[in-house]
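The block underneath contains the structure these notes are about, expressed in structure tokens.
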Protein chains: 2
Amino acid sequence: MIEKVPTQAAAIRQSLVAQISTGSLAASAKLPSERDLSELFSTTRITVKQALLRLEAEGCIYRENRRGWFVTPSRLEYNPITKSHFHLMVERQQRKVVTKVISASTELASPELCQKMALAPGSKLHRIRRLRYVDNRAVMFVAHYLKPGIFPGILERDLSQSLTLIYQEHYGIQYGRSSFDIYPTAAYGSVASHLKLAEGSPLLLITRINYDQTGQVIDCDREFWRHDAVRISVDSQILVTDIARL
Amino acid sequence: MIEKVPTQAAAIRQSLVAQISTGSLAASAKLPSERDLSELFSTTRITVKQALLRLEAEGCIYRENRRGWFVTPSRLEYNPITKSHFHLMVERQQRKVVTKVISASTELASPELCQKMALAPGSKLHRIRRLRYVDNRAVMFVAHYLKPGIFPGILERDLSQSLTLIYQEHYGIQYGRSSFDIYPTAAYGSVASHLKLAEGSPLLLITRINYDQTGQVIDCDREFWRHDAVRISVDSQILVTDIARL
DNA sequence: GAGTGGTCTAGACCACTGA
DNA sequence: CAGTGGTCTAGACCACTCT
């Protein structure tokens with residue numbers, strides 16, 4: 001059996017992985033600076049950086065722009081098809097959750113959105129952009145697109161609470177079915193800056209389209225997730241139960 | 001309005017994006033070499049490489065180990081909850097598909113698998129590893145774990161065809177419900193080499209657990225997808241129909 | 001053997017964060 | 001202000017692929 005000689009970057013990665021799994025680097029702990037690491041391993045910053053970038057891709061560590069590298073906390077388990085409130089879902093997992101409203105306005109719908117939501121070209125939509133924090137870390141940036149006709153005056157309400165709740169209480173609307181798709185890509189521009197990601201960092205884009213009880217499109221969510229913050233989990237059993245309840 | 005000065009890497013990225021979207025670099029086309037690009041943009045290979053790595057994270061381009069960079073072909077649309085044959089699904093999208101068997105053996109199940117599949121610790125499982133190509137590009141490496149008691153002699157069969165079909169025809173087993181989870185991470189070792197990915201490249205790990213009509217666990221699939229080869233798409237409507245049929 | 005990306009050296013200056 | 005990562009230079013040699 002021929003043993004491959006590991007590259008320096010691989011050796012650095014291994015060493016850090018070991019420290020993380022034994023707990024000598026705990027969750028959310030800060031790693032030594034790139035300069036310190038390159039001295040420790042007698043190499044250059046570029047080599048260290050390559051090891052760090054791989055660990056980042058794996059989801060073991062993450063960085064905050066010019067603040068340093070940290071050990072990634074455990075991931076959120078997320079089922080995009082459940083209709084329960086986001087806050088409830090997170091708190092069930094013993095995590096702290098905060099939602100911050102970034103903007104709320106009415107905009108011309110893009111051609112792609114018109115197609116996805118079965119709208120006439122040139123339709124307008126309410127756009128609500130929010131940022132979600134789990135344990136004080138920004139993990140998801142979401143843009144909700146709502147049909148204005150269904151939700152008069154909704155932009156004047158307190159949008160930091162659950163939209164599902166507002167739909168129910170003020171507009172008598174409940175979700176029926178929904179569909180979603182998951183698209184792995186990279187973060188740029190406002191998404192990157194809100195999530196404090198470096199430009200070009202890996203990202204999970206989840207697009208959901210929600211329908212009411214009668215099958216009409218209600219809204220569309222575009223969720224931009226840190227790739228290392230979530231594990232998507234879907235069980236058809238739950239769906240069966242949900243449907244049986246209707 | 002203050003315009004940010006784009007970095008060189010961002011400018012290179014923009015230029016390549018433009019060429020890809022206008023079609024002057026078509027799908028699957030080879031990009032100029034890193035050395036040529038660094039001359040073209042009057043910069044170093046490292047700067048060029050950073051631009052290329054970002055485009056790779058986005059899913060616009062991909063590399064084959066030491067062969068060069070290529071424009072990513074369009075993604076496969078994939079619904080992990082459907083029970084149809086993989087080949088059928090791919091061919092419906094006008095793509096060519098090939099499945100290659102990598103190995104077939106009986107192994108001790110790992111503790112995690114025992115838990116996931118509700119097995120006694122120390123149980124054995126058939127492990128079938130296969131590699132799937134779409135349009136001659138390796139896009140997914142999968143390990144199937146089967147309960148040996150249910151599938152006597154299956155390892156001696158032709159495993160390059162649909163397992164679903166073999167289950168039905170030779171063992172009278174049909175899928176009932178299934179659950180899956182999606183975990184973004186990075187490729188290492190045999191997964192990376194089979195998919196011809198560089199170590200530490202982004203990857204989508206989809207773990208499926210399939211149950212038969214009576215709710216017993218049949219098998220577990222661990223699918224390692226190139227992150228740029230797929231868009232996951234789930235519609236609860238389809239599930240409703242499926243269940244109504246039962 | 002020529003061409004490609006993979007890895008690495010040994011620095012430099014810049015932009016931003018936080019005390 | 002010091003410390004951090006972000007970006008960049010100008011090279012080098014290695015490992016692998018393809019012709």
Side-chain angles (χ1 to χ4, degrees), chain A residues 2-14 16 29-57 61-70 136-138 186-189 192-201, chain B residues 2-14 16 29-57 61-70 136-138 186-189 192-201:
Chain A
I2 296 164
E3 277 292 321
K4 268 201 185 178
V5 179
T7 62
Q8 285 187 61
I12 297 170
R13 176 180 162 262
Q14 277 305 338
L16 291 171
K30 187 174 183 307
L31 272 64
S33 75
E34 295 181 0
R35 285 171 180 83
D36 287 354
L37 286 171
S38 53
E39 266 195 41
L40 266 170
F41 292 99
S42 317
T43 182
T44 59
R45 257 183 82 200
I46 289 188
T47 304
V48 166
K49 187 143 202 154
Q50 190 164 30
L52 294 171
L53 288 171
R54 287 180 182 182
L55 283 164
E56 183 190 39
I61 62 173
Y62 71 100
R63 47 188 157 165
E64 291 186 18
N65 215 310
R66 290 169 220 271
R67 289 215 329 116
W69 292 88
F70 302 85
N136 299 315
R137 178 176 172 232
Y188 289 99
S193 61
H194 282 302
L195 291 174
K196 287 191 185 165
L197 287 169
E199 297 273 310
S201 298
Chain B
I2 296 163
E3 276 292 321
K4 268 201 185 176
V5 179
T7 61
Q8 285 187 63
I12 297 171
R13 175 178 162 264
Q14 278 304 339
L16 291 172
K30 186 174 184 310
L31 272 64
S33 75
E34 295 181 0
R35 285 172 180 82
D36 288 353
L37 286 170
S38 54
E39 266 196 43
L40 267 169
F41 291 99
S42 317
T43 183
T44 59
R45 256 183 81 200
I46 288 188
T47 305
V48 166
K49 187 140 201 155
Q50 189 164 30
L52 294 172
L53 288 171
R54 287 179 180 182
L55 283 164
E56 183 191 38
I61 62 174
Y62 71 100
R63 47 187 157 164
E64 291 186 15
N65 214 311
R66 291 169 219 271
R67 291 215 328 117
W69 292 89
F70 303 85
N136 299 317
R137 178 176 170 234
Y188 289 100
S193 61
H194 282 301
L195 291 173
K196 286 191 186 168
L197 287 169
E199 297 274 309
S201 298

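Note on naming: letters A, B, ... go to the chains in the order of the sequence lines (proteins, then strands), and numbering restarts at 1 for each one.
- Using a 4.0 Å heavy-atom cutoff across all strands shown, A:Q8 reaches sugar-phosphate atoms only and no base atom.
- In this structure, CZ of A:F70 is placed 11 Å from P of D:dT4, rounded to the nearest angstrom.
- Look at A:K49 and you won't find any side-chain N or O under 4.0 angstrom from OP1 or OP2 of C:dC8.
- Residues from residues 33-44 of chain A lying near DNA chain D, meaning a heavy-atom separation below 4.0 Å, are A:S33, A:E34, A:R35 in numerical order.
- In this entry the distance linking CZ of B:R66 with C1' of C:dT4 reads 9 Å, nearest Å.
- Contact detail for B:A198 and B:A192: the closest heavy-atom pair is O-CB, 4.5 Å.
- B:R63 has a side-chain polar atom (N or O) that falls below the 4.0 Å cut-off from OP1 or OP2 of C:dG6.
- In this structure, CG of A:L197 is placed 14 Å from C1' of D:dG5, rounded to the nearest angstrom.
- Among the protein residues, B:R45 comes within range of the nucleic acid bases, having at least one heavy atom under 4.0 Å from a base atom.
- Residue B:I12 is tested with B:L37, B:T7, B:T43, B:L40 for a side chain to side chain contact (heavy atoms under 4.5 Å, CB included); the sole match is B:T43.
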Exercise for the section: Might you work through the salt bridge (charged side-chain N to carboxylate O under 4.0 Å, His left out) test for B:R54 and A:E199, ending with a clear yes or no? Expected result: CA-CA 8 Å; B:R54 287 179 180 182; A:E199 297 273 310; 5.5 Å; no
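- Separating the CH2 atom of B:W69 from the P atom of D:dT17 is a distance of 17 Å, rounded to the nearest angstrom.
- Contact annotation: A:K196 does not reach the phosphate of C:dT17 (side-chain N/O to OP1 or OP2, under 4.0 Å).
- Regarding B:K30, its NZ atom lies at a distance of 11 Å from the C1' atom of D:dT17, rounded to whole Å.
- Comment: A:E34 engages A:K49 in a salt bridge, judged by a side-chain N to carboxylate O separation of less than 4.0 angstrom.
- Atom CG of B:N65 and atom C1' of C:dG3 are 14 Å apart (whole Å).
- The phosphate of C:dT7 has OP1 or OP2 within less than 4.0 Å of a side-chain N or O from A:R54.
- Backbone-only contact: B:Q50 has heavy atoms under 4.0 Å from sugar-phosphate atoms and none from a base.
- Remark: B:R66 engages no residue in a side-chain hydrogen bond (donor to acceptor under 3.5 Å, both in side chains) (not counting sequence neighbours).
- Across the protein-nucleic acid pair, A:L53 atom CG and D:dG5 atom C1' stand 11 Å apart, rounded to whole Å.
- What you find for B:L55 and A:Y188 is that their closest heavy atoms are N-OH, 4.5 Å.
- Position along DNA chain C of the nearest nucleotide to A:A9 versus A:E64 favours A:A9 as the more 5'-ward residue.
- Considering only side-chain atoms of B:I46, the nucleotide from C:dG6, C:dA10, D:dA10 that sits closest is D:dA10.
- Considering only side-chain N and O atoms, A:R67 lies under 4.0 angstrom from the phosphate OP1 or OP2 of C:dG18.
- Under the 4.5 Å side-chain criterion, counting only non-hydrogen atoms from C-beta, B:L53 is in contact with B:E56.
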